[in-house]
Peer 1: 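Dropping a structure here in structure tokens format, bear with me for questions.
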Amino acid sequence: MITISVKLFAGIKDIVGKDEVELSVADASPVAEALASLAENNPLLRPWKNHVRFAVNKIYVQPDHLLKSRDEVAIIPPVSGG
Amino acid sequence: MITISVKLFAGIKDIVGKDEVELSVADASPVAEALASLAENNPLLRPWKNHVRFAVNKIYVQPDHLLKSRDEVAIIPPVSGG
Amino acid sequence: MIQIIRDKININALLAAVADPAAGGIDIFIGTTRNHSDGKDVLELEYEAYQDMALPMMRQIADDAKERWGVMKIAVVHRIGKVPVGEASVAIAVSSAHRKEAFEACRYIIDTLKKTVPIWKKELFADGSKWVGERP
Amino acid sequence: MIQIIRDKININALLAAVADPAAGGIDIFIGTTRNHSDGKDVLELEYEAYQDMALPMMRQIADDAKERWGVMKIAVVHRIGKVPVGEASVAIAVSSAHRKEAFEACRYIIDTLKKTVPIWKKELFADGSKWVGERP
């Protein structure tokens with residue numbers, strides 16, 4: 001298992017009630033596992049699966065991007081800046 | 001004959017040395033006559049014939065637009081505002 | 001706000017003139033005097049206008065843009081007289097519900113103004129001056 | 001000048017940042033908060049950013065625009081936290097030798113920023129609030 005930090009924003013942050021959580025996941029898990037893992041305990045997160053993007057160490061990555069220990073993951077709901 | 005006022009700008013004003021002149025032209029002369037009439041006494045104006053537009057009473061008109069007494073004519077060299 | 005002025009253009013005044021609580025975006029174009037022209041150093045610019053014709057034309061161009069793009073408010077200010085290098089000679093602001101229309105209307109206004117409105121620019125060099133624009 | 005700030009955006013600071021004696025034009029886009037959304041009155045907006053990612057992305061977008069259009073200087077400032085209706089949430093300024101490139105680069109930057117940079121907007125109504133953007 002590895003430890004990753006997961007940053008949360010906007011609607012997802014509101015559902016979880018925190019802007020950052022630490023997770024333990026299997027080494028070389030796909031980044032999408034960060035959301036799946038949180039959704040296990042929080043059904044409200046499940047419908048978000050197809051509406052978010054992921055970033056690892058501040059760069060957008062595909063959902064199948066593999067994680068390493070200490071990665072900074074961010075779950076990015078649809079952006080609305082500007 | 002009718003009397004018209006002719007406003008001059010930019011390079012044409014510099015050649016004539018005035019920003020406005022009064023001219024007497026035949027009634028119903030085309031507006032292009034305003035430049036032709038000035039050019040009679042000032043050869044430097046002759047090459048401008050195909051480089052100017054005309055306005056009568058503050059509206060662009062074609063060179064064959066016919067003049068009436070007291071019209072305000074303007075000889076408009078190529079504009080360069082902005 | 002459609003003006004020809006001799007003083008420095010105040011961009012905040014244009015912004016205030018086009019502000020609208022229903023606007024989602026404002027596009028502003030500012031034309032500034034450049035320090036070179038055809039490889040020569042420009043020391044200063046001087047603008048002259050046929051004001052009685054230029055002002056109604058500027059108003060008409062703004063009205064046309066408002067109708068064509070459905071934008072909210074438009075400000076067009078042209079400075080005349082001497083304009084030091086780097087300062088604004090013209091500024092246009094357009095507010096709109098959506099940004100696409102603000103950009104397109106603003107670009108239309110400056111393009112049309114430059115092509116049609118009777119205003120002239122003279123470049124002053126160390127060794128003389130020259131009215132800008134096609135000439136014989 | 002690439003910034004995410006909590007205070008009111010100062011347009012004059014952006015103008016100063018992109019001023020260049022060789023520039024012929026500056027295009028500025030200002031995104032302002034609208035007072036209605038889907039027929040409801042918006043009282044206030046609140047923005048949140050993933051700053052550590054948003055800032056480098058804003059820098060990259062500006063660099064891409066500079067390379068693609070050959071423009072001179074670019075300023076991009078996004079405000080976060082509460083933004084009253086009518087005030088600027090984002091401002092982008094681009095200076096360029098020629099105006100076409102300033103308009104196109106400015107439009108590219110706001111379009112790309114809105115689609116990609118991790119910043120979120122929440123609308124506050126009399127009876128609640130809502131994060132803007134597609135959701136489940």
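As a basis for the values below, the full set of heavy atoms in this structure was taken, side chains included, without hydrogen atoms, waters or symmetry mates. Per chain, numbering begins at 1; letters A, B, ... match sequence-line order.
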Peer 1: At a heavy-atom separation under 4.5 Å, does C/V132 approach chain B through its side chain, its backbone, both, or neither?
Peer 2: both
Peer 1: Counting only heavy atoms closer than 4.5 Å, note whether B/K13 contacts chain C via side chain, backbone, both or neither.
Peer 2: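 Answer is side chain: those atoms of B/K13 sit under 4.5 Å from chain C.
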Peer 1: So, are C/E123 and C/K40 salt-bridged, with charged N and O less than 4.0 Å apart?
Peer 2: no
Peer 1: Where does the angle between the aromatic ring planes of B/F9 and C/Y50 fall among parallel (under 30°), tilted (30 to 60°) and perpendicular (over 60°)?
Peer 2: tilted
Peer 1: Pick from C/V90, C/D52, C/I110: which one has the most heavy-atom pairs with chain B under 4.5 Å?
Peer 2: C/D52
Peer 1: Quick check on C/K115 against chain B: is it the side chain, the backbone, both or neither that has a heavy atom closer than 4.5 Å?
Peer 2: backbone
Peer 1: Sort C/W131 into side chain, backbone, both or neither according to what part of it lies under 4.5 angstrom from a heavy atom of chain B.
Peer 2: side chain
Peer 1: Can you tell me which portion of B/R46 sits under 4.5 Å from chain C's heavy atoms? Options are side chain, backbone, both or neither.
Peer 2: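 Neither part.
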Peer 1: Compute whether any side-chain donor of one residue and acceptor of the other, for C/D41 and C/N35, lie under 3.5 angstrom apart.
Peer 2: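 No, C/N35 and C/D41 have no side-chain donor paired with an acceptor closer than 3.5 Å.
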Peer 1: Any chance CG of C/D38 has more than 12 other-residue heavy atoms, nucleotides or ligands included, within less than 6.0 Å?
Peer 2: no
Peer 1: Below 4.0 angstrom, N of the basic side chain to O of the carboxylate: do C/R68 and C/E101 qualify?
Peer 2: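 No, this pair does not count.
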Peer 1: In terms of side-chain geometry, is the basic nitrogen of C/K122 or C/E48 positioned less than 4.0 Å from the acidic oxygen of its partner?
Peer 2: no
Peer 1: Under 4.5 Å heavy-atom distance to chain C, tell me which part of B/D14 shows up: side chain, backbone, both or neither.
Peer 2: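 Interface part for B/D14: side chain.
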Peer 1: Tell me, for C/A49 versus chain B, whether the close heavy atoms (under 4.5 Å) come from the side chain, the backbone, both or neither.
Peer 2: backbone
